[in-house]
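Computed from a predicted structure; not experimentally measured.
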Amino acid sequence: MYVAVKGGARAIANAHAWLAEERRGDPTLPDLTVAQVREQMALAVNRVMAEGSLYDPDLAALAIKQARGDLIEAIFLIRAYRTTLPRFGASRPIDTAAMACDRRISATFKDVPGGQVLGPTFDYTHRLLDFALAAEGITPDAPRAPAPAGPVPHVTGFLNREGLIQPEPETDATPPDLTREPLELPADRALRLQALARADEGFLLGLAYSTQRGYARNHAFVGELRIGAVAVEMDIPELGFAIEIGEITVTECETVNQFTGSKTEPAQFTRGYGLVFGQTERKSIAMALVDRALRWQELGEDFVGAPAQDAEFVLYHADNIQATGFLEHIKLPHYVDFQSELELIRKLRRGVEAGAEGTE
Amino acid sequence: MNMHATPTPDTPLLSVRGLTRTYGARIGCADVSFDLWPGEVMGIVGESGSGKSTLLSCMAGHLVPDTGEVLFDMGGTLRDTLTLSEPDRRRLGRTDWAFVHQHARDGLRMGVSAGGNVGERLMAVGARHYGDIRARAADWLDRVEIAADRMDDRPTAFSGGMQQRLQIARNLVTGPRLVFMDEPTGGLDVSVQARLLDLLRGLVREMGLSAIIVTHDLAVVRLLADRLMVMKDGRVVEQGLTDQVLDDPQHGYTQLLVSSVLQV
Amino acid sequence: MTDYNFAYLDEQTKRMIRRAILKALAIPGYQVPFASREMPMPYGWGTGGVQVMAATLVPEDTLKVIDQGADDTTNAVSIRSFFERTAGVAVTEATAEATVIQTRHRIPETPLTEGQILVYQVPIPEPLRFLEPRETETRKMHALEEYGLMHVKLYEDIARHGTIATAYAYPVKVEGRYVMDPSPIPKFDNPKLDSAAIQLFGAGREQRIYALPPHTRVVSLDFEDHPFDPSRADHPCALCGATDSYLDEVITDDAGTRMFLCSDTDYCAGRQAAGHMGAAQAGAA
């Protein structure tokens with residue numbers, strides 16, 4: 001007698017138990033601590049915070065440990081946690097001009113007020129495997145210098161003063177929040193920037209690269225890239241003023257791009273903007289390039305059909321949690337649909353075969 | 001559907017008033033006005049850059065003019081199509097109006113069979129009988145001289161001339177009251193052009209089509225148009241009966257055009 | 001799981017989803033955008049259905065979850081246990097006993113009754129999506145009732161194959177107005193969309209909810225001379241002998257021997273309990 005397959009619940013429980021064992025790996029080796037991940041895998045932690053849209057290095061480190069180092073899985077854990085958190089209010093916009101910069105470079109001027117600060121960068125390292133790291137750990141000792149005094153002005157501010165770069169009007173409008181409202185098109189720039197800030201790094205990197213190769217080319221200079229800590233302030237209604245509630249590290253990239261202008265309007269450089277949680281340099285530069293490409297309409301450029309210009313394409317496909325869920329759902333059983341296709345294809349084949357016999 | 005309503009005789013089918021469209025400081029077309037009467041074919045000629053394509057796009061609703069009106073006879077009254085709601089404008093685009101693009105690819109669904117291309121407009125206005133749709137598509141393919149056994153082929157497998165004939169069939173199948181044509185013979189070989197022109201002339205006569213044809217090719221308008229407008233630098237410099245304008249041009253520019261001194 | 005609210009979602013979010021559900025019921029077949037939340041299961045795995053369910057459930061409910069018609073497939077088990085943990089509601093496998101049923105890809109064979117709610121998981125809510133990839137354009141097509149393209153697709157099927165070659169997610173027209181994707185149910189289930197129950201469709205990733213109120217007129221698209229045909233495999237169920245149910249095809253040995261079984265496990269079990277017998281049982285008996 002045929003007995004249909006049962007036992008889904010037990011199979012799931014067993015699979016998850018096995019997963020936990022695999023996650024731990026060889027039990028004779030010390031268990032990885034969350035603090036170790038947070039301190040020594042900091043760039044992975046930064047990416048999880050950025051794309052998880054939640055600034056909490058400890059939770060991000062835990063998510064990475066739980067996800068066995070699969071960063072998209074870790075981002076998913078953070079997102080699912082984030083969505084359950086109550087909203088107490090919104091902070092004031094952070095002031096990146098007041099950033100305590102760890103790194104600050106400009107590709108457009110040799111020297112600028114505030115100076116060029118390389119900071120902790122992979123740039124100019126020679127990519128040679130360091131076998132000393134595989135042996136006993138070393139405690140590095142970097143030379144120290146006093147922190148520069150006072151706020152570091154933005155490079156684009158100097159261009160702005162001369163009217164050489166298209167100004168960004170200030171606004172007090174509350175930006176839309178795509179984690180609370182459904183994404184509806186056309187999306188304004190604030191909404192696009194929010195989506196890009198959460199977007200998959202690899203997807204943005206590919207899009208940004210495509211603009212450099214001519215798919216909506218908008219030749220970009222890094223006007224400024226800065227990484228450092230900024231204060232987060234929140235208005236407390238009971239107090240009637242804003243207080244600092246914490247400090248976060250962000251990466252900000254402003255690109256200076258080719259001009260707009262016409263016979264009547266003098267030429268001006270244009271801008272792209274990237275702002276991402278943590279030290280996430282590649283992501284913020286890519287974000288700025290894609291932001292710039294998406295602005296073709298407001299800057300009076302032509303739509304040349306490039307993917308990076310197409311807001312609907314970019315915004316609907318940039319989220320790796322949406323993408324990975326839908327991609328992987330094809331693992332789920334589809335045998336009802338497949339059965340209906342099987343029947344259809346058999347029927348179509350019967351039709352053709354009957355037709356062929358009929359003509360013989 | 002009210003596709004074949006006869007307009008009252010003293011009303012034009014289409015009345016264009018003061019149509020202007022600029023691109024920054026450059027003039028696309030400026031202050032164009034004319035009436036088109038039922039059953040009439042109007043030709044618009046000029047060099048490239050003369051504004052004839054801008055004018056056509058503005059009339060057909062593909063481009064928003066800066067000022068002016070495009071009045072169309074709808075149930076006996078002239079209504080400004082530029083101020084129609086989007087549903088009404090789209091409905092017009094799939095019932096009373098048709099647009100034949102210069103490049104057939106712009107007016108066809110290249111991934112859909114020839115029969116499906118012709119059937120789409122029928123289905124868009126409610127046809128739901130497969131056999132009937134197919135019969136009407138077959139009839140139209142025959143009228144544009146496309147063999148019946150090509151009906152289930154996609155236009156990608158067609159020659160340029162066939163694609164253009166298919167586009168014409170797709171547009172005319174619902175009996176539109178007004179057809180816009182943008183260089184319908186452009187980009188085709190001379191012999192293919194001749195056959196297409198012949199076909200178009202037959203259809204125009206047989207169906208009593210009202211049409212506006214933009215072209216740089218005087219042979220096209222000589223054969224198809226009752227009346228002619230000559231455009232230069234965005235403005236109409238001369239208009240009149242086709243034979244009159246071509247045989248006795250008054251404006252210096254038209255004289256150059258007719259004497260083929262201008263490479264158009 | 002006391003850390004989370006009843007049925008996981010907070011009350012604010014549930015109210016937001018309920019507003020979308022009410023709007024969807026008021027405009028049958030219209031896709032209502034809603035601010036889909038990130039759920040603790042992946043997009044594409046039923047997050048829309050789960051959110052609609054979370055906003056619909058009350059403590060007195062009895063819940064049934066099926067995937068491919070079966071109560072014991074892994075994803076059905078996973079979603080059912082999620083609500084057992086977060087809502088503590090009673091669960092059942094019996095269609096008739098359930099007050100709320102979440103489904104993926106099937107409508108139960110046992111006719112639903114007034115008072116029941118059927119919640120569908122929807123991957124791609126837009127029936128026009130594979131004809132027109134742009135959301136901005138498809139919304140316009142719905143608004144203007146421009147559905148000619150949908151019939152062009154059906155026309156092309158017949159021209160090429162002699163029949164409409166859509167076997168599941170077969171598009172329907174709702175109350176003569178909106179063209180709707182019934183989710184990837186086999187077309188065999190389409191006639192059951194005309195139901196006494198409330199039917200709610202949730203698409204989490206695509207952020208859309210739509211609905212069919214009880215007794216809504218639902219017509220599968222077709223041509224007058226090529227009418228809709230809800231065909232099924234031409235076999236009786238090997239276990240219960242049913243000839244009116246949708247069947248799964250099971251390969252039982254290396255030689256490729258096939259067996260056809262009801263996809264609706266509850267329906268099949270019920271018939272067997274009532275003494276109906278299929279060929280496989282009769283052979284063993």
Side-chain angles (χ1 to χ4, degrees), chain B residues 1 61 84-98 107-138 140-141 146 148-157 166-167 169-171 173-174 176, chain C residues 27 29-30 127-166 170-180 187 190 217-229 231:
Chain B
M1 260 187 297
L84 283 182
S85 67
E86 187 165 6
D88 287 344
R89 198 165 53 235
R90 282 200 176 206
R91 193 168 303 124
L92 200 60
R94 59 176 194 262
T95 54
D96 282 355
W97 285 11
L108 292 174
R109 290 193 190 277
M110 298 306 282
V112 167
S113 70
N117 263 292
V118 179
E120 178 172 358
R121 268 176 85 104
L122 295 170
M123 290 182 261
V125 296
R128 291 292 178 266
H129 190 283
Y130 176 81
D132 290 351
I133 293 164
R134 214 164 153 77
R136 286 185 68 183
W140 265 98
L141 291 176
I146 292 174
D149 64 355
R150 302 302 303 272
M151 188 173 187
D152 295 330
D153 292 346
R154 292 181 178 187
T156 40
L166 178 61
Q167 193 196 179
R170 170 180 161 90
N171 270 287
V173 65
T174 47
Chain C
I27 319 171
Y30 171 74
L128 304 165
R129 178 61 67 239
F130 301 109
L131 305 168
E132 169 53 62
R134 279 175 194 283
E135 178 67 17
T136 37
E137 192 56 30
T138 52
R139 282 192 82 76
K140 208 175 273 180
M141 290 161 81
H142 284 293
L144 304 178
E145 238 181 306
E146 281 187 5
Y147 295 130
L149 198 53
M150 193 88 235
H151 266 89
V152 171
K153 198 257 168 208
L154 303 182
Y155 170 95
E156 291 288 289
D157 275 359
I158 302 174
R160 186 170 321 151
H161 302 294
T163 181
I164 294 172
T166 299
Y170 191 105
V172 294
K173 197 156 195 183
V174 177
E175 282 295 335
R177 177 58 181 86
Y178 285 99
V179 167
M180 187 190 94
K187 65 178 178 173
N190 270 26
R217 189 158 48 88
V218 181
V219 177
S220 301
L221 298 184
D222 60 4
F223 286 103
E224 290 155 16
D225 47 344
H226 282 264
F228 171 74
D229 166 30
S231 66

Is there a salt bridge (Lys or Arg N to Asp or Glu O under 4.0 Å) between R109(B) and E132(C)? Walk through the geometry before answering.
CA-CA 12 Å; R109(B) 290 193 190 277; E132(C) 169 53 62; over 6 Å; no
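- Residue A159(C) comes nearest to D152(B) through the heavy atom pair CB-OD1, 3.7 Å, listed as atom of the first residue, atom of the second, then distance.
- Heavy atoms closer than 4.5 Å to chain C are found nowhere in R89(B), neither backbone nor side chain.
- Both the backbone and the side chain of H151(C) come within contact range of chain B, each with at least one heavy atom under 4.5 Å from a heavy atom of that chain.
- For Y155(C), the parts sitting under 4.5 Å from any heavy atom of chain B are the backbone and the side chain alike.
- The part of I133(B) that comes within reach of chain C is its side chain, from C-beta onward, which places non-hydrogen atoms under 4.5 angstrom from that chain.
- At least one donor-acceptor pair under 3.5 Å links the side chain of D225(C) to the backbone N or O of Y130(B).
- For the pair M123(B) and F223(C), the tightest heavy-atom approach, listed with the atom from each and the gap, is SD-CZ, 3.9 Å.
- Atom-to-atom distance recorded for R128(B):CZ and E224(C):CD is 9.0 Å, nearest 0.5 angstrom.
- A salt bridge is absent between E145(C) and R94(B): the closest approach of a Lys/Arg side-chain nitrogen to an acidic carboxylate oxygen does not fall below 4.0 angstrom.
- Residues G111(B) and E156(C) share a closest heavy-atom pair of O-OE1, 4.3 Å.
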